[in-house]
**Student:** 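Okay, here's the structure, questions in a sec.
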Amino acid sequence: MKVLWKIALLLCVLLALFYFMGSRVQENEPLESPVKHGTAIPAPNKEVVELTAGPKRPETGLSTLVGKSSDRLVELMGEPDRIEPSAYGYEWWVYLEDIQLMAGVEDGIVNQVFSADQKADVTPIPIGQNINEVFRFSIIESEVNVILDENIYTFTLNSQDLKDRILLKYEDLYAQVYVDAEDEVIEGVRFINPKTLVIHQPYDMEFAGDLVVSNRPSSSVQMEVDRSMERQIIELTNMYREHHGLNPLENDYWLSLLAQNHSKDMAIENYFSHESPSAGNLSQRLKSLGIEHKKAGENIAANYVDAIEAVHGWLNSPAHRSVLLDSDVTDIGTGAYGKYYTQVLIKSDKKENPNSNFLRK
C-alpha cells in the first residue's frame, strides 16, 4: 500500500511540473500567408470569358462610402479617433466609438471600408450571419476578374478561401467577406475599390497588362505603420473575442515590447519561429523581461497584407485560434515589423480574469 501511495504522489508531482513548466506556455507553428505579396503571375495571352460588371452596388450601408470624399465620411461618421498610415500609401481613418470601423483614404477619397462590429451596416452581408445565407443569395466564384483601363487581373480563390475569405464582385466594388470557418459565421467585411484590391493582392493573381503597385514606405513611415498595425491587431482581437462572448484584453507595455522585439528579430535575422537564436523561446523571453504570468500563448504570422488579414488567419487556424480565444488570458502585447507579426497573450500573475467563468456563446 505504501508503494502505491508513493507512486501516486510521484505522478502528482510529475503532473504538476508538466503544468507549470509546459502547458502554461503555448507556442504554435508559425502561420504564413497562403499568398505572398508580389508574386502575381504575368499571363499576357490569358483569355477572360466573363467581364460582366457584377450585381448592382448596395444602395445603403458602409459600402456606399467607397468612392466618396473624406468630407462625406466625416459628415456621416464624424471625425475619426485616429488617422494613421498604411503600407500602401493611403491612410487609415479609425473609428472606435459608436461603430468600430476602419476607412482607407487616399487623396481625399475613401478606397475601402472594413468593420467587424455587429452594429455596423454592411448591407447586404450582415456580420454575425451564417455564411450559408450568403451562398444562398450571392454568386460565389473561384475566379474573380478586375478590370483597370486596358489591364486585366484575375484572382483565384483556393478551397480554403472559399470557406473563410470570400471575394464578391459588385459594380465597381468588391467585398471581402471574412468568415469564422469553424462556426460558419461572418466575422468582418471589407468593401474595397478595384485598384486597391489589385495593389493588396490578397489572393493568387494573374494579370495581363501592367501590374499596379504602391511605393514602398520610407523607414520612418514604416515604423509608424508598424505601430498602427499593432493597435489594429489588439482592437480586432478584442472585437473577435467579443463575438465569442469573451473578455477584452488589456494592452500591456512590456508584452508589446517583447512582441516587437521578436518580430524585429525574425525580420533582421531572417528566421520564422517562436525560438529566437539569441533570446530563446517564449518562456525564456518572458522571464528575461520579468513578466510574471499564470499562463501564456504566442501567435506569429508573416507576409499578410495587413493586420486585418493576419488576425483573420489566426482565427481560422485551430492552434492559433485557441490562443486568440483563450478565456483565461487577461493581457495582450503585439509587435509588427514589416510583414512579421507577433501576438503574446497572458493570464496575469497579478490579477484574475473578471470573466473567467463567462460562458462562450
**Student:** Compare every heavy atom of A120 with every heavy atom of L62, then report the nearest pair and how far apart it is.
**Tutor:**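 Scanning both residues, the minimum pair turns out to be CD1-CB, 3.9 Å.
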
**Student:** Using 0.5 Å steps for rounding, measure from the CD1 atom of I131 to the CG atom of D183.
**Tutor:**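 Atom-to-atom, I131:CD1 and D183:CG are 12.5 Å apart.
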
**Student:** Counting C-beta onward and ignoring hydrogens, is there a side-chain heavy-atom pair between S228 and S86 closer than 4.5 Å?
**Tutor:**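 S228 vs S86: side chains apart.
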
**Student:** Give me the atom names and distance for the closest heavy-atom approach of Y304 to G313.
**Tutor:**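 Smallest interatomic distance, heavy atoms only, reads OH-CA, 4.0 Å.
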
**Student:** How close do L173 and I192 get, counting heavy atoms only, and between which atoms?
**Tutor:**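 Residues L173 and I192, closest heavy atoms: CD1-O, 3.7 Å.
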
**Student:** Can you tell me how far the NE2 atom of H244 sits from the CG atom of D180, to the nearest 0.5 Å?
**Tutor:**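 It comes to 4.0 Å.
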
**Student:** Find the distance between OG1 (T237) and CD (E235) and round it off to the nearest 0.5 Å.
**Tutor:**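 The distance works out to 10.0 Å.
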
**Student:** Please lay out, stage by stage, how L258 and L286 fare under the test side-chain contact (heavy atoms from CB on, under 4.5 Å).
**Tutor:** CA-CA 7 Å; L258 181 148; L286 287 166; 3.8 Å; yes

**Student:** Would you find a donor on one side and an acceptor on the other, under 3.5 Å apart, between the side chain of E230 and the backbone of A336?
**Tutor:**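 Yes; at least one donor-acceptor contact below 3.5 Å.
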
**Student:** Quick one: sort the H262 and H274 rings into parallel, tilted or perpendicular, breaks at 30° and 60°.
**Tutor:**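 H262 vs H274 ring planes: parallel.
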
**Student:** Is it the case that one hydrophobic cluster holds both Y170 and V189, taking links as side-chain heavy atoms less than 4.5 Å apart, direct or via other members?
**Tutor:**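 Cluster IDs for Y170 and V189 match.
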
**Student:** Test your reading of the model: is there a side-chain donor-acceptor pair from Y340 to the backbone of I268, 3.5 Å cut-off?
**Tutor:**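 It does not hold such a pair.
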
**Student:** Before accepting this row, confirm whether a basic side-chain N of the pair K169/E141 lies closer than 4.0 Å to the acidic partner's carboxylate O.
**Tutor:**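 Salt bridge: no.
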
**Student:** Does Y271 form a side chain to side chain donor-acceptor pair (under 3.5 Å) with D265? I'd like the steps, not just the answer.
**Tutor:** CA-CA 8 Å; Y271 71 94; D265 193 46; 2.5 Å; yes

**Student:** Passes side chain to side chain donor-acceptor pair (under 3.5 Å), T60 versus D121? Steps please.
**Tutor:** CA-CA 8 Å; T60 60; D121 183 356; 4.5 Å; no

**Student:** Establish whether L101 and L96 are linked, either directly or via other cluster members, by ILVMFWY side-chain heavy-atom contacts under 4.5 Å.
**Tutor:**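 Result: yes, single cluster for both.
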
**Student:** Kindly assign one of parallel, tilted or perpendicular to the pair Y88 and Y90, based on the angle between their ring planes and the thresholds 30° and 60°.
**Tutor:**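 Because their plane-to-plane angle is under 30°, the rings of Y88 and Y90 count as parallel.
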
**Student:** Under 3.5 Å, side chain of S263 to main-chain N/O of G335, donor-acceptor pair present?
**Tutor:**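 Confirmed, S263 side chain pairs with G335 backbone.
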
**Student:** Please determine if D326 and K347 form a salt bridge, counting it only when a charged side-chain N lies under 4.0 Å from a carboxylate O.
**Tutor:**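 Salt bridge between D326 and K347, a charged N being under 4.0 Å from a carboxylate O: no.
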
**Student:** Assess whether a salt bridge exists between R227 and E224, defined as any Lys/Arg side-chain N lying under 4.0 Å from an Asp/Glu carboxylate O.
**Tutor:**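 Here R227 does not pair with E224 in a salt bridge, since their nearest N and O are not under 4.0 Å apart.
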
**Student:** Please give me the minimum heavy-atom distance between A181 and K163, naming the atom from each residue.
**Tutor:**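 For A181 versus K163, the nearest heavy atoms are CB-O, 4.5 Å.
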
**Student:** From the options Q112, H200, E309, select the one residue that forms a side chain to side chain donor-acceptor pair (under 3.5 Å) with Q176.
**Tutor:**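 Only match with Q176 under side chain to side chain donor-acceptor pair (under 3.5 Å): E309.
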
**Student:** Under 3.5 Å, side chain of R321 to main-chain N/O of E182, donor-acceptor pair present?
**Tutor:**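 No, the answer is negative, given that no donor and acceptor are paired below the 3.5 Å cut-off.
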
**Student:** Hey, does Y95 have a side-chain heavy atom less than 4.5 Å from the side chain of L73?
**Tutor:**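 Touching, per the 4.5 Å side-chain cut-off.
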
**Student:** What pair of heavy atoms forms the shortest contact from L236 to A307, and how long is it?
**Tutor:**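 Answer, listing the atom of L236 first, then A307: CD2-O, 4.3 Å.
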
**Student:** Determine, stepwise, if the pair D161 / L167 fulfils side-chain contact (heavy atoms from CB on, under 4.5 Å).
**Tutor:** CA-CA 8 Å; D161 293 329; L167 182 61; over 6 Å; no

**Student:** Is the shortest heavy-atom distance from the side chain of R165 to the side chain of P202 under 4.5 Å?
**Tutor:**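 With C-beta onward as the side chain, the pair touches.
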
**Student:** L246 and side-chain contact (heavy atoms from CB on, under 4.5 Å): which single residue from D328, N238, L325 fits?
**Tutor:**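 With L246 as partner, side-chain contact (heavy atoms from CB on, under 4.5 Å) holds for just one option, L325.
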
**Student:** Atom CD1 of I346 and atom CG of L249: how far apart are they, to the nearest 0.5 Å?
**Tutor:**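 Result: 10.0 Å between the selected atoms.
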
**Student:** Between the side chain of T154 and the main-chain N/O of N145, is any donor-acceptor distance below 3.5 Å?
**Tutor:**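 No, because the side chain of T154 does not come within donor-acceptor range (under 3.5 Å) of the backbone of N145.
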
**Student:** Donor-acceptor pair, T123 side chain versus G61 backbone, under 3.5 Å?
**Tutor:**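 Checking the backbone N and O of G61 against the side chain of T123, no donor-acceptor pair under 3.5 Å is found.
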
**Student:** With respect to Y178, which candidate in I308, I166, D164 satisfies the side-chain contact (heavy atoms from CB on, under 4.5 Å) definition?
**Tutor:**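 With Y178 as partner, side-chain contact (heavy atoms from CB on, under 4.5 Å) holds for just one option, I308.
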
**Student:** Tell me if the CZ atom of R216 is crowded by more than 12 foreign heavy atoms within 6.0 Å.
**Tutor:**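 No, not enclosed.
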
**Student:** Are I139 and F155 co-members of a hydrophobic cluster defined by side-chain heavy atoms under 4.5 Å apart?
**Tutor:**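 No, no single cluster joins them.
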
**Student:** More than 12 non-hydrogen atoms from neighbouring residues, nucleotides or ligands closer than 6.0 Å to CD on E59, yes or no?
**Tutor:**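 Check fails, neighbour count at 12 or below.
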
**Student:** Is Y174 reaching over with its side chain to a backbone N or O of V144, donor-acceptor style, under 3.5 angstrom?
**Tutor:**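 Side chain of Y174 to backbone of V144: no pair is present.
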
**Student:** When you measure from the side chain of H312 to the backbone of E187, do you find a donor-acceptor pair of N or O atoms at a distance under 3.5 Å?
**Tutor:**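 Side chain of H312 to backbone of E187: no pair is present.
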
**Student:** Run the numbers on I186 and V122 for side-chain contact (heavy atoms from CB on, under 4.5 Å), then give the verdict.
**Tutor:** CA-CA 11 Å; I186 297 170; V122 289; over 6 Å; no

**Student:** Can you name the nearest heavy-atom pair linking V323 to G297, along with the distance?
**Tutor:**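 So the two residues come closest at CG1-C, 3.9 Å.
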
**Student:** Start with the C-alpha distance between D81 and R231, add both sets of side-chain angles, then the distance that settles salt bridge (Lys or Arg N to Asp or Glu O under 4.0 Å), and finish with yes or no.
**Tutor:** CA-CA 12 Å; D81 293 278; R231 289 188 288 268; over 6 Å; no

**Student:** So, applying side-chain contact (heavy atoms from CB on, under 4.5 Å) with L255, which one of T334, T342, I291, I332 is it?
**Tutor:**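 Only match with L255 under side-chain contact (heavy atoms from CB on, under 4.5 Å): I291.
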
**Student:** Does V225 belong to the same Ile/Leu/Val/Met/Phe/Trp/Tyr cluster as Y337, with side-chain heavy atoms less than 4.5 Å apart forming each link?
**Tutor:**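 No, no single cluster joins them.
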
**Student:** I want to check something: taking the side chain as every heavy atom from C-beta on, are E275 and Q284 in contact at a cut-off of under 4.5 Å?
**Tutor:**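 E275 reaches Q284 side chain to side chain.
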
**Student:** Using a 3.5 Å distance criterion without hydrogens, assess whether the side chain of S276 forms a donor-acceptor pair with backbone atoms of S278.
**Tutor:**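 Flag set: sc S276 to bb S278 pair under 3.5 Å.
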
**Student:** Yes or no on side-chain contact (heavy atoms from CB on, under 4.5 Å) for W92 and D306, after CA distance, side-chain angles and deciding distance?
**Tutor:** CA-CA 11 Å; W92 279 119; D306 54 20; 4.1 Å; yes

**Student:** Measuring from I127:CD1 to S115:OG, what's the distance to the nearest 0.5 Å?
**Tutor:**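 Interatomic distance, I127 CD1 to S115 OG, rounded to 0.5 Å: 4.5 Å.
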
**Student:** Hey, is CG on N130 packed in by over 12 heavy atoms from elsewhere, all under 6.0 Å?
**Tutor:**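 Yes, enclosed.
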
**Student:** Do the side-chain N and O atoms of N299 and Q343 include a donor-acceptor pair separated by under 3.5 angstrom?
**Tutor:**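 Q343 and N299 do have a side-chain donor-acceptor pair below 3.5 Å.
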
**Student:** So M239 and D117, do their side chains get closer than 4.5 Å, heavy atoms only?
**Tutor:**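 In contact.
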
**Student:** Measuring from atom CZ of F114 to atom CD of Q100, what distance do you get when rounded to the nearest 0.5 angstrom?
**Tutor:**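 One gets 10.0 Å once the value is rounded to the nearest 0.5 Å.
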
**Student:** Using modelled atom types only, decide if a donor and an acceptor are shared between the side chain of S138 and the backbone of V134 within a distance under 3.5 Å.
**Tutor:**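 Side chain of S138 to backbone of V134: a pair is present.
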
**Student:** Does one hydrophobic cluster hold both I83 and M223, with members joined at side-chain heavy-atom distances below 4.5 Å?
**Tutor:**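 Unlinked, I83 and M223 end up in two clusters.
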
**Student:** Answer yes or no: does atom CG of N132 have more than 12 heavy-atom neighbours from other residues, nucleotides or ligands under 6.0 Å?
**Tutor:**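 More than 12 heavy atoms, drawn from other residues, nucleotides or ligands, come within 6.0 Å of this atom.
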
